[in-house]
Each structure stands twice: as C-alpha cells, then as structure tokens.
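Notes for the one structure printed next.
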Protein chains: 2
Amino acid sequence: MFSKSCKYAIRAVLYMAYKTSPDQRVGVKEISDTLDVPGPFLAKLLQQLTRNNLVSSIKGPNGGFFLSEKNRNEPLRKVVECIDGPEVFSACILGLPVCSSENPCPLHTQAFIYREGLLQMVGKKTVAEIAAQVSQEGLSV
Amino acid sequence: MFSKSCKYAIRAVLYMAYKTSPDQRVGVKEISDTLDVPGPFLAKLLQQLTRNNLVSSIKGPNGGFFLSEKNRNEPLRKVVECIDGPEVFSACILGLPVCSSENPCPLHTQAFIYREGLLQMVGKKTVAEIAAQVSQEGLSV
DNA sequence: TTAAAAAAAGATATAAAAGTCTTTTTATCT
DNA sequence: AGATAAAAAGACTTTTATATCTTTTTTTAA
C-alpha cells in the first residue's frame, strides 16, 4: 500500500506530533534513532515535507524539526500524498489504466470499499488527533 | 498493495480461467498481447505459478498454458501469495516489525478491516467464481 | 527422424526505490 | 567576528523490482 518512504514519513510526523512544538525542536538523529530508520534518508523525507509545509524546521544550533499548530491540524492524508502522490488511494488495485465503478476490474468493489475506509480515516483525522490516540492508548510508532 | 508481478499474475490467471481448458491451451504471447503486459516477464510468472500447481502447461507445438479443473477451484489468494508471499495480508501497514491487536500501530485497526475484506474475498472465492463474475458482468481484465 | 513450436531455465540488462556522502546555507552562541 | 550546530541541497551508491535475451528441453507433426 504505502512505500517505505511513506511509512517512515508517517511515523516521523506522528512522533513529532507529541514530541515537538515551535519551541521544542528535535533533530533528525533523535527521530531516526527512536524509529530505527536510516537517518540521511529520513532527512530527505523531512525536507520534502518541510517544502510542502507539512513539517517545520529551523536551521542552526538548537534548531531542528517540529510541527507548528498549522502542521498539526492537517489531515494525515496530506503527508501520505506528499510522499507517495495522490494516486495511492485511487489507483486500480490490479494496475489497469482505467478502472472505475462504470468500468470496474474484478477486484474493484472490494478494493474500493476497504480503501475508502482507510482514506476516510487519514482524510478526516488530523495529525494531532491521531497522535493523541497514540499517546492515550500507548500505541507504538 | 500488490506488486506489479502480482497484478500481472492475477490478471493472467483470470484471463486463462475463461479462455482455456485442458484441451484449449494458450501461449504466453496471446496472454501478454491481450493484457498488454511484457511477454518474457509474464512467462517467468506463469512458470512460477506452474511450479506451484496453480497453472498448468504443456510444452511443444499446440502446447501452452491452461487451467485444470483443480487450478480453477483454488482460491485466488493462492495466486497472490505465490507471487507476493504470505505476508501481503498480514504485514503492518507502517512496516513495524511487531504490530497486532495487542500492540497495534496507529493505523492498525483501519488497515486490518481494509485488508480483511479483501482477504475474505480472494480467500473464499475461487478463481473460477471470480472469473465467472468477470464474464457475466463484462468486467475488464 | 528431422523441423518446428512451445515452455523451462538461466543469464543479463534497465529502472526505480532506498540509502549514503559531501558541500552549502543559515542560525546561534561565545 | 569566529566556531559550531543544524537543516538544505545535490551527487552518488546500493539494492530490489522489473524486464529482456539466450539457450535448453520437451512435444508434435510432417
């Protein structure tokens, strides 16, 4: 479903959501060590998210990455689409160029129903909301 | 969700389900031309399926690939798992090494529901049943 | 019994994804 | 101002997935 890049990005953003604030930044190394993810690779992803205003950063000593209030209130879907592109939720599960309700592939209906469920979740819930659930319920990131 | 290989394999098997029988074989070229898929690559996939008794083949002139009665009555799931491995339906959507109902990742519940529905479908319906639907409803492969 | 047709097998090539390294820029603190 | 810490940017490498090519084996039919 998601590329490795996207998985790393989602996890990093959720981690940042409960670890950072505009005056509480965190470096790539801390994130990559905690999530057990390749550091320089994660850096690229965070930079891409930063360019797209889904993550914030400050350079220099005491700088680092963090989520602004605005960043927290974005639906998680934006993070996914920033890394994997908008097609993740709409592309045909069998890779057919045209596959829709009018012209469905054999697995279309099932794939649609269930992908729609995921989409509803990451599309409606914000980063902050999902992160809140993570800390309340002690989920792993 | 599925690799390209797996998508090609599913489509090829469903195509064969309504095009072939033990005495009505079809060559790789016809399949790859019809599905618009790279021929030699598809050949490898079909050979892998053949080794795992999910597709049948006969060499020589008038030979080719086909589905035996047994092949048709396998759940489509077997084809998927033969190509992408059994993890496709169970691996964590965020790639966490351990993710279960007891120790879920933030997207676990939604992802589980999503995948379970698909799994039910390809796990319960046989190749023949899905193929029947394809020809009855005129779906695209 | 030889030629041809088809799959099987194996080697090789290409492309895409994942990961690393180096240099540059920006900010902070002494 | 100078040293340092961090992200930003870009080049590069490695790995994995996808795709192709070549040779071998099997079968059929003339």
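As a basis for the values below, the full set of heavy atoms in this structure was taken, side chains included, without hydrogen atoms, waters or symmetry mates. Throughout, protein chains are lettered first and strands after them, A, B, ... in sequence-line order, and every chain is numbered starting at 1.
- Between B:Ser68 and B:Asn71, the side chains place a donor N or O and an acceptor N or O closer than 3.5 Å (distance only, hydrogens not considered).
- Rounded to whole Å, atom C1' of D:dA11 lies 14 Å from atom CD of A:Gln47.
- To the nearest 0.5 Å, atom CG of residue A:Leu96 and atom CZ of residue B:Arg11 are 4.5 Å apart.
- The stretch residues 51-59 of chain A touches DNA chain D through A:Arg51, A:Ser57, A:Ile58, A:Lys59, each having a heavy atom under 4.0 angstrom from the strand.
- Taking CZ of A:Arg72 as the reference point, atom OG of A:Ser21 lies at 7.0 Å (rounded to 0.5 Å).
- Aromatic ring orientation, B:Tyr114 versus A:Tyr114: tilted (interplanar angle from 30° to 60°).
- For the pair A:Gln48 (side chain) and A:Cys82 (backbone), a donor-acceptor distance under 3.5 Å is present.
- Per the geometry, CG belonging to A:Leu45 stands 13 Å off C1' belonging to C:dT20, to the nearest Å.
- In plain terms, the two heavy atoms of A:Ala111 and B:Leu118 that are nearest each other are N-CD2, 4.2 Å.
- When heavy atoms are screened at a 4.0 angstrom cut-off, B:Val37 is found touching no nucleic acid atom at all.
- Residues B:Phe66 and B:Ser57 come closest through the heavy atom pair CE2-N, 3.9 Å.
- Atom CZ of A:Phe65 is separated from atom P of C:dT26 by 15 Å (rounded to the nearest Å).
- OP1 or OP2 of C:dC29 sits under 4.0 Å from a side-chain N or O of A:Asn62.
- Residue A:Val134 forms a side chain to side chain contact (heavy atoms under 4.5 Å, CB included) with just one option from B:Cys105, B:Pro104, B:Pro106, and that option is B:Pro106.
- As rounded to whole Å, 13 Å separates atom C1' of D:dT18 from atom CD of B:Gln48.
- If you check every strand for non-hydrogen atoms under 4.0 Å, B:Pro38 touches sugar and phosphate atoms only.
- Listed by residue number, the members of residues 1-12 of chain A with any heavy atom below 4.0 angstrom from DNA chain C are A:Ser3, A:Lys4, A:Ser5, A:Tyr8.
- If you measure from atom CG of B:Leu42 to atom C1' of D:dA17, you get 16 Å, rounded to the nearest angstrom.
- Going from atom CG of A:Leu46 over to atom P of D:dA8 covers 8 Å, rounded to whole Å.
- Here the rule is side chain to side chain contact (heavy atoms under 4.5 Å, CB included) with A:Ile130, and of A:Leu139, A:Ile10, A:Leu76 only A:Leu76 fits it.
- Taken from CG in B:Leu14 to NZ in B:Lys19, the straight-line distance is 14.0 Å, to the nearest 0.5 Å.
- Relative to the side chain of A:Pro61, the nucleotides C:dA18, C:dT28, C:dA7 differ in distance, and C:dT28 lies closest.
- Between the CG atom of B:Leu35 and the C1' atom of D:dA19 there is a distance of 16 Å, given to the nearest Å.
- Residue A:Glu30 contributes atom CD, which lies 11 Å from atom P of D:dA7 at whole-angstrom precision.
- For DNA chain D, none of the residues of residues 13-21 of chain B falls under the heavy-atom distance limit of 4.0 Å.
- Atom OG of B:Ser101 and atom NE2 of B:His108 lie 4.0 Å apart (nearest 0.5 Å).
- Rounding to the nearest 0.5 Å places CG of B:Asp84 at 13.5 Å from NZ of B:Lys4.
- Along DNA chain C, the nucleotide nearest B:Lys29 and the nucleotide nearest A:Gly39 are compared for position; the residue whose nucleotide lies closer to the 5' end is B:Lys29.
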